[in-house]
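A note on names: the letters A, B, ... follow the listed sequences, proteins ahead of strands, and every chain is numbered from 1.
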Number of protein chains: 2
Amino acid sequence: MQEKRERQHKIEEIIRGHEIESQEMLLKQLQERGFHVNQSTLSRDLKDMRIGRVLNARGEYVYAMPNEEIKEALQIRLDQDAACGCIGYEFSGNIGVLKTLPSYAQMVALAIDKLSLPEIVGTLAGDDTILIMPRDGYDRQTVKQSLLRYIPELKEKVT
Amino acid sequence: MQEKRERQHKIEEIIRGHEIESQEMLLKQLQERGFHVNQSTLSRDLKDMRIGRVLNARGEYVYAMPNEEIKEALQIRLDQDAACGCIGYEFSGNIGVLKTLPSYAQMVALAIDKLSLPEIVGTLAGDDTILIMPRDGYDRQTVKQSLLRYIPELKEKVT
DNA sequence: TTTTTTCCTGCATATTTATGCTTTATTATC
DNA sequence: GATAATAAAGCATAAATATGCAGGAAAAAA
């Protein structure tokens with residue numbers, strides 16, 4: 001059956017885009033997308049895919065792709081030092097425009113660069129504004145979602 | 001109390017040197033070293049230390065230091081492509097001497113380099129022999145143990 | 001020193017995850 | 001198409017892990 005393949009792809013997508021704290025939570029996400037399986041199957045899928053349950057910067061249990069974890073660790077910096085300076089996110093065409101407190105932009109941009117996200121080619125920072133250049137093939141929403149993973153504080157400030 | 005600090009250091013040491021598959025197993029290792037705590041405490045220690053349970057190359061659950069996981073992933077290559085060519089390990093003084101099948105040495109050495117283990121300064125490979133240069137402060141056994149983590153097949157072939 | 005607060009741990013248990021076994025579906029072979 | 005072999009999923013449950021609560025030790029404040 002090739003439903004399994006599709007499901008596992010979907011799982012990867014979900015894991016990358018959300019902070020999934022338990023298999024039960026993953027289950028719910030899958031159901032909303034039309035995949036109906038039980039927890040046993042998930043447990044096996046995750047094992048297949050080498051997806052482990054690791055601790056993110058805030059000390060919460062989170063499922064992560066193998067080696068995604070290193071980014072979780074980096075997030076510590078982004079969280080504590082930089083993210084608190086972020087105050088808004090908008091688009092100009094495909095380009096993301098991240099607003100920060102004055103003088104924060106360089107620092108935040110550096111932190112974002114360090115994440116070396118697949119969705120982002122690079123950043124260009126002024127004093128309180130960062131341009132985020134998406135990589136070909138990724139759309140605005142994907143880039144935004146990915147960034148939100150690392151700057152959760154931004155969630156409330158974004159349209 | 002500073003027993004906690006010591007214990008957590010010991011935990012890191014154990015995790016780095018062994019494939020710990022469960023907290024129970026870790027518990028046993030700690031007891032052998034004179035630390036007597038229960039599973040609850042371990043669970044909390046691991047959370048503190050951001051040590052997660054991930055899947056190694058062989059699909060077994062294993063505790064790993066944050067970002068050690070990326071090495072676990074690399075191990076896939078070392079396992080499947082390279083490690084099968086390893087046939088023995090001895091010492092010459094502090095220097096490790098890893099014997100491989102003819103023509104395997106370069107490939108295996110490259111794989112080992114990629115692991116960038118703290119215990120190893122570098123490697124020098126001929127055709128079927130690799131010299132492993134330990135970093136100052138690490139002894140023969142530590143280096144060997146660390147390497148065995150990534151080339152388990154070697155276990156039976158080593159004195 | 002006494003009091004207060006914070007931290008650490010164990011106990012018991014809830015929560016979460018893994019897995020043996022069985023059934024069902026899929027693929028391959030005849 | 002029928003049958004055998006393989007893979008996938010469910011069910012029930014075992015195994016493993018996380019955590020609320022309470023007691024006691026250590027540290028800080030008085």
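In terms of heavy-atom proximity, A/A64 sits nearest to A/I51 at O-CG2, 3.5 Å. Heavy atoms only, all atoms of each residue included: B/L131 and B/V97 are closest at CD2-CG2, 3.9 Å.
Within 6.0 Å of atom CD in A/E24, 12 or fewer heavy atoms from other residues, nucleotides or ligands are found, so the atom counts as exposed in its surroundings.
Spacing between atom CD1 of A/I51 and atom C1' of C/dT17 amounts to 15 Å, rounded to whole angstrom units. Look at NE2 on A/H36: it is 14 Å from P on D/dC11, rounded to the nearest Å. In this structure, B/R53 atom CZ and C/dT17 atom C1' are separated by 8 Å, rounded to whole Å. Atom P of nucleotide C/dC8 and atom CE of B/M49 are separated by 14 Å, given to the nearest angstrom. Atom CD of B/Q31 is separated from atom P of C/dG10 by 11 Å (rounded to the nearest Å). Spacing between atom CG of A/L46 and atom P of C/dT16 amounts to 15 Å, rounded to whole angstrom units. Regarding A/E21, its CD atom lies at a distance of 19 Å from the P atom of D/dT17, rounded to whole Å. To the nearest angstrom, C1' of D/dA16 lies 14 Å from NZ of B/K28.
Side-chain nitrogen and oxygen atoms of B/R7 include none within less than 4.0 Å of the OP1 or OP2 phosphate oxygen of C/dC8. A/Q23 has a side-chain polar atom (N or O) that falls below the 4.0 Å cut-off from OP1 or OP2 of C/dA18. Dashed line: the shortest gap from a side-chain N or O of A/Y63 to OP1 or OP2 of C/dT16 is not under 4.0 Å. Contact check, B/K47 against D/dT19: a side-chain N or O comes under 4.0 Å of OP1 or OP2.
A distance of 8.5 Å separates NZ of A/K47 from CD of B/E60, quoted to the nearest 0.5 Å. Taken from CG in B/L98 to CD1 in B/I132, the straight-line distance is 5.0 Å, to the nearest 0.5 Å.
Among the nucleotides D/dA9, C/dT16, C/dC8, the one closest to any side-chain atom of A/E24 is C/dT16. Of the candidate nucleotides C/dT17, D/dT17, C/dA18, C/dA18 has the atom nearest to the side chain of B/Y61. Listed nucleotides D/dT19, C/dT16, C/dT9 differ in distance to B/K4; the shortest reach to its side chain belongs to C/dT9.
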Verdict with reasoning, B/M25 to B/Y63, per side-chain contact (heavy atoms from CB on, under 4.5 Å): CA-CA 11 Å; B/M25 189 179 294; B/Y63 282 97; over 6 Å; no
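Applying side chain to side chain donor-acceptor pair (under 3.5 Å) to B/E12 and the options B/Q8, B/K10, B/H9, B/R16 leaves one that passes, B/R16.
Closest-nucleotide positions on DNA chain D for A/D45 and B/S43 were compared, and the one nearer the 5' end corresponds to A/D45.
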Identify all pairs in which a protein N or O lies below 3.5 Å from an N or O of nucleotides 11-14 of chain C, and state each distance.
unit_1	atom_1	unit_2	atom_2	d
C/dC11	N4	B/S40	OG	3.2
C/dA12	N6	B/S40	OG	3.0

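Heavy atoms of B/T41 sit under 4.0 angstrom from primed sugar atoms or phosphate atoms, though from no base atom.
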